[in-house]
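For this chain, numbers begin at 1 and follow the sequence in order.
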Amino acid sequence: MPSLKDLKNRIASVKSTRKITKAMQMVAAAKLRRAQDAAEAARPYTERFNAVMAGLAGGTAGSPAAPALLAGTGREQVHLLVVMTSERGLCGAFNSSIARMARQEAQRLLATGRTVKILTVGKKGRDALRRDLGSYFIAHVDLSAERRLGYAVGQRIARDLIARFDAGEFDVATIFYNRFQSVISQIPTARQVIPATFDEAGEVSASYDYEPGEEAILADLLPRGVATQVFAALLENAASEQGARMSAMDNATRNAGDMIDRLTIQYNRSRQAAITKELIEIISGAEAV
């Protein structure tokens, strides 16, 4: 049974931990607001851009002049998995859920005879996948120095992907990230970015004639489209990370409070038992005299 001193030290230690988790929760809440606003502000632009691109792509479907970023290589042998996670932990299942989805997809592709390559964005994804899939790593993007995510970050990653595609290093590229839904809900998402895919129906192109032709416009816009999708995924990930961290730190703070209550009860009981024992010894000694 722990001594009174040990219990007192444990209570003080848990109280100190609770202060830290509470502070981290407040910081995550402040960062979440900015990250959520940025992610939600990017959604209308991304959706409209995808609608325009879907219309252009629909007009060039099957054309021999279609850009390679849209038509692909004609093969699906080599797959590049771009795993986007955070640089820091203490955010619940945020990183593990992305890593799990990427691991399952890699194992599925390998089981069907495909070649898998992995590019990690964020330290935690690299750490989570290194043991099982480290031999498939080809590059890592470190975002620890980025104080605020800007379009230039997404553009830099997209340019690297396009350069590797042009060099024939892969046939299909898929990004893995968490789509922000709420503080307690982040949805692991896989999205193919090369060859480009667009979810929106292509209704825009039906009302316009393009000059120059659709193929030429696509050749110019497709790299921007890849960068836009990568940047949108980064923003969604940033909001999801802060939401997950806020939720995790809130749970940790509550658990610390519960532990303090249990330890305090145990301390009071032990203290009462010690006092009772001392009183019994004093009374016994007085009776003996």
Any donor and acceptor pair, going by atom type alone, linking the side chain of T253 with main-chain N or O of N251 inside 3.5 Å?
no
Applying side-chain contact (heavy atoms from CB on, under 4.5 Å), can you list everything that pairs with D160, at least two apart in sequence or on another chain?
L119, R164
Are the charged groups of D250 and R254 less than 4.0 angstrom apart, N to O?
yes
Output the distance between atom OG1 (T174) and atom CG (L81), rounded to the nearest 0.5 Å.
6.5 Å
Beyond-backbone contact of L70 with P195, side-chain heavy atoms, under 4.5 angstrom:
no
In terms of side-chain geometry, is the basic nitrogen of K31 or E241 positioned less than 4.0 Å from the acidic oxygen of its partner?
no
D132/R103 salt bridge by N-O under 4.0 Å criterion:
yes
Locate the shortest heavy-atom distance separating G92 from A248; write the atom from each residue and the value.
N-CB, 3.7 Å
Output the distance between atom CZ (R271) and atom CG (L4), rounded to the nearest 0.5 Å.
8.0 Å
Quick one: does any side-chain atom of Q77 pair with a main-chain N or O of G113 as donor and acceptor, under 3.5 Å?
yes
What class does the angle between the rings of F170 and F165 fall in, given that below 30° is parallel, 30 to 60° is tilted and above 60° is perpendicular?
tilted
Shortest non-hydrogen separation from I138 to E169 and the atoms involved
CD1-OE1, 4.5 Å
Report yes if the side chains of Y177 and V83 come closer than 4.5 Å at any heavy-atom pair, otherwise no.
no
Any donor-acceptor pair under 3.5 Å from T276 side chain to Q272 backbone:
yes
With no hydrogens and no angle check, is any side-chain donor or acceptor of N95 less than 3.5 Å from a backbone partner on S86?
yes
For a 4.5 angstrom cut-off between non-hydrogen side-chain atoms, does L143 reach V141?
yes
So which atom in G225 and which in F49 form the shortest heavy-atom distance, rounded to 0.1 Å?
CA-CE2, 3.3 Å
Would the number of heavy atoms belonging to other residues, nucleotides or ligands and lying under 6.0 Å from CE of M101 be above 12?
yes
Is there side-chain contact between Q229 and V226, with heavy atoms separated by less than 4.5 Å?
no
Any side-chain heavy atom of V153 within less than 4.5 Å of one from R156?
yes
Crowded around I184 CD1? As in, over 12 foreign heavy atoms under 6.0 Å?
no
Applying side-chain contact (heavy atoms from CB on, under 4.5 Å), can you list everything that pairs with L279, at least two apart in sequence or on another chain?
I275
I'd like to know if the side chain of T17 and the backbone of S13 have a donor-acceptor N/O pair within less than 3.5 Å.
yes
The reported gap from CG in L235 to CZ in R179 (rounded to nearest 0.5 angstrom) is 11.5 Å
Quick one: list whatever passes side chain to side chain donor-acceptor pair (under 3.5 Å) with R148, sequence neighbours left out.
none
Short question: side chain of S247, backbone of A244 - any donor-acceptor pair under 3.5 Å?
no
Do L149 and M246 land in one hydrophobic cluster if side-chain heavy atoms of ILVMFWY residues count as linked below 4.5 Å?
no
Could you check if a side-chain atom of I98 sits within less than 4.5 angstrom of a side-chain atom of M84, using non-hydrogen atoms only?
no
When every non-hydrogen atom of S270 is compared with those of L7, the smallest separation belongs to OG-CD1, 3.8 Å
Are the charged groups of D127 and R130 less than 4.0 angstrom apart, N to O?
yes
Ignoring hydrogens and geometry, is there a side-chain-to-backbone donor-acceptor pair from R114 to E76 under 3.5 Å?
yes
side-chain contact (heavy atoms from CB on, under 4.5 Å) assessment of L69 paired with I194:
CA-CA 6 Å; L69 280 176; I194 299 176; 4.1 Å; yes
CZ (R10) with more than 12 external heavy atoms under 6.0 Å:
no
Should R126 and E87 count as an ion pair when the cut-off is N to O under 4.0 Å?
no
Check the pair N178, T189 against side-chain contact (heavy atoms from CB on, under 4.5 Å), reporting the backbone distance first and the verdict last.
CA-CA 6 Å; N178 263 329; T189 303; 6.0 Å; no
Do we see a donor-acceptor contact under 3.5 Å between the side chains of S3 and D6?
yes
Side-chain heavy atoms under 4.5 angstrom apart, residues restricted to Ile, Leu, Val, Met, Phe, Trp, Tyr: same cluster for L109 and L80?
no
Please say yes or no: joined through hydrophobic side-chain contacts below 4.5 Å, possibly via intermediate residues, are L221 and Y45 part of one cluster?
yes
Decide whether F176 and L234 are clustered together by the hydrophobic rule: side chain heavy atoms of Ile, Leu, Val, Met, Phe, Trp, Tyr closer than 4.5 Å, transitively.
no
Strictly distance-based, threshold 3.5 Å: is any side-chain N or O of N237 a donor or acceptor partner for the main-chain N or O of A233?
no
Would you compute the distance between atom CG of L263 and atom NZ of K15 and round it to the nearest 0.5 angstrom?
10.5 Å
Could you check whether any side-chain heavy atom of Q192 comes within less than 4.5 Å of a side-chain heavy atom of V172, counting everything from C-beta outward?
yes
Note: F180 and E236 closest approach over all heavy atoms is N-OE1, 2.9 Å
So does A238 get a backbone contact from the side chain of Q242, meaning a donor-acceptor N/O pair under 3.5 Å?
no
Distance in Å, L90 CG paired with Q25 CD, rounded so as to fall on 0.5 Å steps:
13.0 Å
State, with a plain yes or no, whether a side-chain heavy atom of F94 is found less than 4.5 Å away from one of R245.
no
Grab the two heavy atoms, one from A252 and one from T21, that are nearest each other, plus how far apart they are.
CB-CG2, 3.9 Å
Taking atom OH of Y136 as the centre, does the number of heavy atoms from other residues, nucleotides or ligands within less than 6.0 Å exceed 12?
no
Group every Ile, Leu, Val, Met, Phe, Trp and Tyr by side-chain heavy-atom contacts under 4.5 Å, then state whether I20 and M259 land in the same group.
no
Approximate separation, where rounding is to 0.5 Å, of I118 CD1 and E105 CD:
10.5 Å
